[in-house]
Amino acid sequence: MSSPTSRSESEGASTSYALLCDGVRRWVHRNEWTALRDIQEEAVPLVLGGDRDLIVAAPTAAGKTEAAFLPICSSLVEDPPTQGLGALYISPLKALINDQQRRLEPLCEAIGIPIDSWHGDIPDRRKRRVREHPDGVLLITPESTEALFVNHGSAMSGLLGGLRFVVIDELHAFIGSERGRQLQSLLHRIELAARRRVARIGLSATLGDMQVAADFLRPGGGGDVAIVESSRDGRTLKVQLRGYLATPPKVDDGPMATASLEDLATGDQLEIANHVYEQTRGRDNLVFANSRRQVEQFADLLRRRCDRERVPNEFWPHHGNLSKSLREDVERMLREPTKPTTAVCTSTLELGIDVGSVSSVSQIGAPFSVAAMRQRLGRCGRRPGDASALRLYVSEQSLEPGARLQDDLREEAVQAIAVLELLIDRWYEPPVDGALHLSTLVQQILSTIAQHGGAKAGEIWRALCGSGPFECDQPTFSELLRGLAGHDVIQQAGDGDVILAPKGERIVGHYSFYAAFATPEEYRLVADGEEIGSLPISFSPAEESHLIFGGRRWTVLGVDHERRVISVRPSKAGRVPGFQGGGGEIHDGVRARMQEVYEGEEVPVYLNPTARRLLEEGRRAFRELGLDRRQMVERSPGAMFFPWAGDRVMRTLTLGLSLSGCKAHSEGVAVVAPGKSIVELAEALRETFVDGEPDAYAIASQAGALQTEKHHRLIDEALLARDFATSHLDVVGAIRSVTAVPGVGADDA
DNA sequence: GACCTGCTGCGGCGTG
């Protein structure tokens, strides 16, 4: 156990402790815990009951793992499973599995319960041992669970026949994604193979609406899921929002300056980097940025500042395109108490990987979501009595005649304030998941066929949709199957069973099949024979061009398009590469709060003078445009509509408008219709969203690229439009936002 | 102006 802290108030009064078996009690005692934590106290009897699904919601390091495993281990000792595994632990990250194995091994060893891990980095012989002698606890990823079904379908009943518990770590990280739906399907298929209901225990960060998480954990039975939430989250939050004004690039004045060979940082970026440097040096910190590009840019600026001061560098980038070994180096340095390290990172360090304790968290750029900001904040101030310290940096353009409207409105600063205010109010985006997830349904169909060697169409539908988590009716399912047959992926055998066709065999037979999500093709980046990371295929650098990557600067030696390898050597000049990839979506709640911030007069105390000025300027522009009285304005290049709604509604509005012949796009908080007057835009909105019955599928078909997920190329256009509508559109929200506009809404029409 | 995650089993060969 890393930090066996204790709480004295419940000492000696624990009834839950008395419920645990002798061996577990001895282990707790030997580790000098004088009492169970609140969530453990509550979870123990619920888990010991054995038939109750449960969500344990608490910040990282609150003892969630033990809340689940003290009673699970106790139960497995007192009542050993008749055959196979007793408990499964499913985690979204391999690193987390490794952390948890280290953490749980002493407990399991002490009471004689076998514990094993299974993921892509585990050697084959260990996996074989688990297959041949399944027993105790297994820690596994969703992808490896999928591989078990595909490759050992007939062995699953024996493996899982005695299974009593499934623990899902970081439950919130799964909700709403293709991977989340895959997990739900696997949970259901586990119960089908075990021929019994298995208690599901979700470990989660505190979320706004736990009922959504409960419905996710047990589709159709969320109401019966017990929820154990930590009451102990009363840490003080020290927050500062720092505003900056963009100034043109200026030549960096140091021995490392190589002005002619690089794209220069702008003045505001330099100021932000300098402030980060002064506030964080000498301790362990996390600095989050909104893109990998920014991560590289700021890591480079901070390293050069260290060079200039002739001190050892302690700033390292951490993002998804860096090689595993470079990332692990950074994680190791963060854990080392004697080596001050600041990681400049994307959401890679948002989940619960062990990075020790950090003394501050910074965020460069307005956060996209409150939940993610909360999660990032949870990574610091973890020792009792510590305050969480957050510094948030935003920069805005200098206002010149003809500036863009969103610059006038100081959108980024106001978004940052809105997110912070919601955070202080303890509001978080509720997770949503009403999507069809047809790509993942295709994966699960193929996997189910492979598991059984073939099955009747009706049986597959019942397993995945009828009794399983996919919300897909039989006619739609049949349409999907016909499409798969048309693509030569499946075929019908003589006995009527659906089996894999040769193309389907190839898809399922490749190891890339197990993941539900798609991965873009990339070039490997190699320096001196060592792989340092990867770059998107769209980034095709010329020889002798310069690159900033992994916190260092490189010159490109050559590009091997055949083998997809870029080789580089160290250099003094560099340029930040662009990465592809989509970011998060902004939720309705954030945009609604932004409107309130514009309309309000209060000035939050956590603003520095520049941030205060930005807020004043934004509010002034808001009033001057008349946005306090109306939602439409006319300004170059055309009419603009401010629905104060999230990205889904914005997308629905622009696509719906183009369906009725009015070309429109969204720019930040505004829907813009170039060349149109307010009257024309209002007319088009009314026509589409008030007078007519908007057809979500027709709106979806206006979107250019419908093939966004892994198996979409195997699905016909009409079904893809429905998939897109359920995952990317909000027609009800769009109608609501249009009808609310005076002069456009139904009441005024 | 934009995140992240994951990945098999087997047959054949050589060595201690």
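These figures come from a predicted structure and were not determined experimentally. Letters A, B, ... mirror the listed sequences (proteins, then strands); counts begin at 1.
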note: A:Phe288, atom CZ; B:dC4, atom P; distance rounded to Å ~ 11 Å
Distance-only donor-acceptor check, side chains A:Glu522 and A:Ser534, under 3.5 Å: yes
Between the side chains of A:Arg179 and A:Gln182, does any donor sit under 3.5 Å from an acceptor? no
In this structure, how many angstroms lie between the C1' atom of B:dA2 and the CD atom of A:Glu411, rounded? 14 Å
Under a 4.0 Å N-O cut-off, is there an ion pair linking A:Arg635 with A:Asp408? yes
Separation of B:dC4 atom C1' from A:Ile175 atom CD1, nearest Å, is 16 Å
May I ask you to check whether A:Trp118 and A:Tyr89 place their ring centres under 6.0 Å from each other? no
I'd like to know whether A:Arg564 forms a salt bridge (Lys or Arg N to Asp or Glu O under 4.0 Å) with A:Glu521, so could you lay out the CA-CA distance, the side-chain angles of the two residues, the decisive distance to 0.1 Å, and finally the verdict. CA-CA 9 Å; A:Arg564 303 253 157 95; A:Glu521 284 197 273; 2.5 Å; yes
Taking N or O atoms only and anything under 3.5 Å, show me the protein contacts with nucleotides 6-9 of chain B, one pair per line.
from: B:dG6; atom 1: OP1; to: A:Lys94; atom 2: N; distance (Å): 2.7
from: B:dG6; atom 1: O3'; to: A:Thr141; atom 2: OG1; distance (Å): 3.4
from: B:dG6; atom 1: O6; to: A:Thr519; atom 2: OG1; distance (Å): 3.3
from: B:dG6; atom 1: N1; to: A:Thr519; atom 2: OG1; distance (Å): 3.0
from: B:dC7; atom 1: OP1; to: A:Gly120; atom 2: N; distance (Å): 2.9
from: B:dC7; atom 1: OP1; to: A:Thr141; atom 2: OG1; distance (Å): 2.8
from: B:dC7; atom 1: OP1; to: A:Ser144; atom 2: OG; distance (Å): 2.8
from: B:dC7; atom 1: OP2; to: A:Gly120; atom 2: N; distance (Å): 3.1
from: B:dC7; atom 1: O2; to: A:Tyr511; atom 2: O; distance (Å): 2.5
from: B:dC7; atom 1: O2; to: A:Ser512; atom 2: N; distance (Å): 3.2
from: B:dT8; atom 1: OP1; to: A:Lys127; atom 2: NZ; distance (Å): 3.2
from: B:dT8; atom 1: O4'; to: A:Tyr514; atom 2: OH; distance (Å): 3.4
from: B:dT8; atom 1: O3'; to: A:Asn151; atom 2: ND2; distance (Å): 3.4
from: B:dG9; atom 1: OP1; to: A:Arg131; atom 2: NH1; distance (Å): 3.4
from: B:dG9; atom 1: OP1; to: A:His152; atom 2: NE2; distance (Å): 2.5

Looking only at side chains, do A:Glu146 and A:Gln444 share a donor and an acceptor under 3.5 Å apart? yes
Every protein N/O within reach of nucleotides 11-16 of chain B N/O, cut-off under 3.5 Å:
none

Just how far, in rounded Å, is P of B:dG1 from CD of A:Gln415? 13 Å
Tell me: CZ of A:Arg292 to P of B:dA2, nearest whole Å? 10 Å
From CD of A:Gln297 over to C1' of B:dA2, roughly how many Å is that when rounded to an integer? 15 Å
Would A:Ser447 and A:Arg189 count as a side-chain hydrogen bond (donor to acceptor under 3.5 Å, both in side chains) if you check the C-alpha gap in whole Å, the side-chain angles of each, and the deciding distance to 0.1 Å? CA-CA 11 Å; A:Ser447 174; A:Arg189 291 168 67 194; 2.9 Å; yes
Apply salt bridge (Lys or Arg N to Asp or Glu O under 4.0 Å) to residues A:Arg591 and A:Asp647 and explain how you reach the verdict. CA-CA 9 Å; A:Arg591 291 267 161 74; A:Asp647 284 340; 3.1 Å; yes
A:Asn290 CG to B:dC4 P, in whole Å, measures 11 Å
Atom CD of A:Gln375 to atom C1' of B:dC3: distance rounded to whole Å? 13 Å
Start with the C-alpha distance between A:His172 and A:Glu170, add both sets of side-chain angles, then the distance that settles side-chain contact (heavy atoms from CB on, under 4.5 Å), and finish with yes or no. CA-CA 5 Å; A:His172 56 279; A:Glu170 308 274 8; 3.0 Å; yes
